[in-house]
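Below is one structure, written out as structure tokens; comments come after it.
No hydrogens, no waters, no symmetry mates; every other heavy atom, side chains included, goes into these values.
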Amino acid sequence: MAKLALMIGALGGMLGVGLGAFGAHALRSRFDSYTMGIFETAVQYQFYHSLALLAVGTLLLTNPESLWLKASGIAFIAGMLIFSGSLYVLCFTGLKWLGAITPLGGLGFIGGWLCLLLAVSGVVRQSA
């Protein structure tokens, strides 16, 4: 799981930089300010959680049995796919109903941070 978290974190960071540049240079003239704001939010949250995945992957290298770290990584990945992914699709397709599933990705992010907190706090002892 450590390698997967590190790989997806690195990929997410790389894509975040690429999409951010694409948005700044190619989309600014095509999207209105509202849609551009949505796109920028998707990129920001993707980037933040790519960095979080790198942290989780690094922690998993020294604690590979931690169920809370594994859950955190899975939640961050799901959050990125659902939150940022739904916003990207919304921007390019205009399908407004996708805004209804975006908060589920936000819950994934919150859950990922909670699992990370539990993993590093030692409040709840666990291992596989």
Side-chain angles (χ1 to χ4, degrees):
M1 178 68 193
K3 185 176 180 179
L4 179 65
L6 291 167
M7 289 174 56
I8 293 176
L11 177 64
M14 178 188 74
L15 291 173
V17 171
L19 288 167
F22 179 65
H25 299 290
L27 298 178
R28 187 133 339 251
S29 63
R30 293 189 172 102
F31 285 170
D32 60 27
S33 62
Y34 177 75
T35 304
M36 198 66 218
I38 293 171
F39 186 83
E40 289 170 348
T41 298
V43 171
Q44 286 176 338
Y45 276 76
Q46 176 183 330
F47 213 100
Y48 299 150
H49 292 89
S50 294
L51 294 173
L53 270 173
L54 292 174
V56 168
T58 301
L59 290 168
L60 278 165
L61 291 173
T62 58
N63 194 2
E65 301 302 316
S66 172
L67 295 177
W68 289 118
L69 285 175
K70 291 176 185 177
S72 177
I74 291 166
F76 285 146
I77 292 166
M80 285 171 52
L81 289 172
I82 298 168
F83 185 90
S84 294
S86 67
L87 291 180
Y88 291 135
V89 174
L90 171 72
C91 289
F92 288 105
T93 66
L95 297 173
K96 301 288 185 198
W97 64 267
L98 285 168
I101 65 166
T102 303
L104 297 175
L107 289 175
F109 290 150
I110 293 167
W113 288 110
L114 175 62
C115 290
L116 181 56
L117 173 64
L118 293 171
V120 301
S121 70
V123 171
V124 181
R125 293 276 178 219
Q126 51 69 50
S127 64

Before you tell me yes or no, could you show the steps for Trp68 and Leu117 under side-chain contact (heavy atoms from CB on, under 4.5 Å), namely the whole-Å CA-CA distance, both residues' side-chain angles and the distance that decides it to 0.1 Å? CA-CA 9 Å; Trp68 289 118; Leu117 173 64; over 6 Å; no

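- Following chains of ILVMFWY side-chain contacts shorter than 4.5 Å, one cannot reach Leu11 starting from Met7, and the two form parts of different hydrophobic clusters.
- In terms of heavy atoms, Leu90 sits closest to Leu95 at CD1-O, 2.9 Å.
- Met1 places a side-chain heavy atom less than 4.5 Å from the side chain of Ile74.
- From Ile77, atom CD1 reaches atom CD1 of Ile8 across 3.5 Å, with rounding to the nearest 0.5 Å.
- If you take CD on Glu40 and CD1 on Ile38, they are separated by 10.5 Å, rounding to the nearest 0.5 Å.
- Formation of a donor-acceptor pair under 3.5 Å by the Thr62 side chain with backbone atoms of Leu59 is found in this model.
- Using a 4.5 Å heavy-atom cutoff, the side chains of Leu116 and Leu69 are in contact.
- Residues Phe47 and Gly13 share a closest heavy-atom pair of CE1-O, 3.5 Å.
- Taking all atoms of both residues into account, the shortest heavy-atom contact from Ala75 to Gly111 is CB-C, 4.1 Å.
- Tracing side-chain contacts under 4.5 Å through hydrophobic residues (I, L, V, M, F, W, Y), one reaches Met80 starting from Phe83; they form part of the same cluster.
- By the rule that hydrophobic residues join a cluster once side-chain heavy atoms approach within less than 4.5 Å of another member, Leu60 and Trp113 end up as members of one cluster.
- Side-chain heavy atoms closer than 4.5 Å link hydrophobic residues (I, L, V, M, F, W, Y) into clusters, and following such links, even through other members, never connects Phe76 to Leu51.
- Note: Thr102 OG1 to Leu87 CG = 4.5 Å, rounded to the nearest 0.5 Å.
- Counting heavy atoms from C-beta outward, Leu54 and Leu6 have side chains that approach closer than 4.5 Å.
- Side-chain contact between Leu19 and Tyr88 is present, with heavy atoms from C-beta onward closer than 4.5 Å.
- Taking every heavy atom of both residues into account, Phe39 and Cys91 meet most closely at N-SG, 3.6 Å.
- Summarising the geometry of Val43 relative to Gly16, their closest heavy-atom pair is CG1-O, 3.5 Å, with the distance given to 0.1 Å.
- Closest heavy-atom contact between Val56 and Ser72: CG2-OG, 3.6 Å.
- Ring-plane geometry between His49 and Phe109 is classed as parallel, the angle between the planes falling under 30 degrees on a 0 to 90 degree scale with a further cut at 60.
- In this structure, the side chains of Phe92 and Leu27 come closer than 4.5 Å at one or more pairs of heavy atoms.
- Between atom SG of residue Cys115 and atom NZ of residue Lys70 there is a gap of 13.0 Å, rounded to the nearest 0.5 Å.
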